[in-house]
Amino acid sequence: MRKKIVAGNWKMNTTIDEGLQLAREVNRLVDNDPGDVLVIVAPPFSHLSEIKKVLSVVALSAQNCASENRGAFTGEVSAEMIKSTGAEYVIIGHSERRTLFREEDEILLKKVKLALESDLIPIFCCGEKLSEREQGKHFITVQDQLASTLFMLEDKNFRQIIIAYEPVWAIGTGLNATPEQAQEMHEFIRRLIGQHFNTDISDAASILYGGSCKPSNAKELFDNPDVDGGLIGGASLNANDFFAIVKSI
Ligand code: PGA
């Protein structure tokens, strides 16, 4: 059975005190009512080591890492540094990184490799823009994103990865993919993994949905056979909403 996962991407929100409060609350809710879902929070870099101290049943992720490990890269934070905070996961290739910070596939593959070398598990995001969906190019877009990144990895490395399908038009817009749209893309991604690697690997791969996932739509999204959980933005900033999403699996 593959892992069910719900991860909260806090983006550039919360001060350290606010973040600690939110993390404590999420940890308390999960601790009081644990299930078989892996719950992850991804606060800003500046909060990681402090937040690590208040988590016991919730895992910790960064939202990005550098494409180099050390050196003259002012303002960057490497995978090795993230690992040293106690974090275990790192989001790579979020559409905000791809568009606002112009991160291309080549850079993303470097980040994935460095994360794995530092013993961090990448949560790798893919997904099409609205124009690509409108032109019927959503499958080929996602296929290309995976072909030039994750499908360059060796089997044993690919097995570590968590994939998040996040249609860009659904992120922060309030407009989620329909359960049918999510399922058909997740099934497609799993089929590609099966073809490129093998079906043992594709059966074991956790593929999360992200994009305006909230308590009111989480269950219908998660009920699909190929949707193994969610990457949650806005709704992860409220502990009760986030936990309601965790409980929707
Ligand atoms: P959203 O963001 O849930 O606010 O749409 C999801 C994400 O960006 O990971």
Side-chain angles (χ1 to χ4, degrees), residues 4-14 18-19 22-23 26 37-45 47-48 58-65 87 89-103 108 111-112 115 120-130 132-133 138 141-142 145-146 149-150 161-179 181-182 185-186 189 206-222 224 227-249:
K4 299 282 187 191
I5 301 168
V6 175
N9 174 11
W10 296 3
K11 309 194 180 184
M12 198 174 72
N13 291 295
T14 73
E18 290 164 350
L22 177 56
V26 171
V37 181
L38 169 63
V39 181
I40 304 172
V41 290
F45 284 136
H47 305 13
L48 290 174
V58 170
L60 185 64
S61 176
Q63 300 172 13
N64 178 31
C65 66
Y89 297 84
V90 57
I91 298 170
I92 295 177
H94 189 279
S95 77
E96 286 149 21
R97 301 297 318 173
R98 291 176 188 261
T99 51
L100 301 173
F101 301 93
R102 300 197 178 75
E103 292 185 4
L108 299 178
K111 293 186 176 202
V112 166
L120 287 173
I121 297 178
I123 302 172
F124 186 86
C125 305
C126 58
E128 81 285 357
K129 300 192 183 96
L130 182 60
E132 290 160 337
R133 180 162 283 265
H138 41 297
T141 298
V142 170
Q145 287 172 340
L146 295 175
T149 55
L150 301 186
I161 312 270
I162 298 166
I163 295 177
Y165 167 59
E166 298 206 307
V168 179
W169 46 272
I171 297 176
T173 58
L175 179 73
N176 59 286
T178 64
Q181 287 170 325
M185 184 59 86
H186 284 229
I189 293 171
S206 292
I207 309 175
L208 315 184
Y209 168 79
S212 297
C213 185
K214 41 190 179 257
S216 58
N217 61 22
K219 188 168 173 15
E220 59 183 23
L221 287 160
F222 297 164
N224 289 292
V227 179
D228 306 307
L231 179 56
I232 318 300
S236 72
L237 294 171
N238 177 297
N240 290 318
D241 284 353
F242 184 58
F243 190 62
I245 293 172
V246 171
K247 285 286 138 188
S248 302
I249 291 197

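When a ligand or atom number is given, it counts from 1 through the structure's own listing order.
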With a cut-off of 4.0 Å, which atoms of ligand 1 are near a heavy atom of [X]?
X	answer
Ala170	5 (O)
His94	7 (C), 8 (O), 9 (O)
Gly211	5 (O)
Lys11	2 (O), 7 (C), 8 (O)

Checklist outcome for this item: atom 3 (O) of ligand 1 sits nearest the protein heavy atom Gly233 N, 2.8 Å
Next on the checklist: With a 4.5 Å cut-off on side-chain heavy atoms, are Cys213 and Asn176 touching?
Outcome noted: no
Checklist entry - Does a side-chain heavy-atom distance below 4.5 Å link Val41 with Leu60? => result yes
Checklist entry - What pairs with His186 under ring pair (Phe, Tyr, Trp, His ring centres under 6.0 Å), at least two apart in sequence or on another chain? => result Tyr165
Checklist entry - Would you find more than 12 non-hydrogen atoms of other residues, nucleotides or ligands less than 6.0 Å from Lys129 atom NZ? => result no
When only distance counts, is [X] in polar contact with ligand 1, meaning an N/O pair under 3.5 Å?
X	value
Gly234	yes
Ser212	yes
Glu166	yes
Gly172	yes
Ile171	no

Item to check | side chain to side chain contact (heavy atoms under 4.5 Å, CB included) partner of Val112, the single match among Val90, Leu120, Leu150 | outcome: Leu150
Item to check | Trace of the side-chain contact (heavy atoms from CB on, under 4.5 Å) decision for Lys214 with Asp241 | outcome: CA-CA 7 Å; Lys214 41 190 179 257; Asp241 284 353; over 6 Å; no
Item to check | Distance-only side-chain donor-acceptor flag, His94 / Glu166, under 3.5 Å | outcome: yes
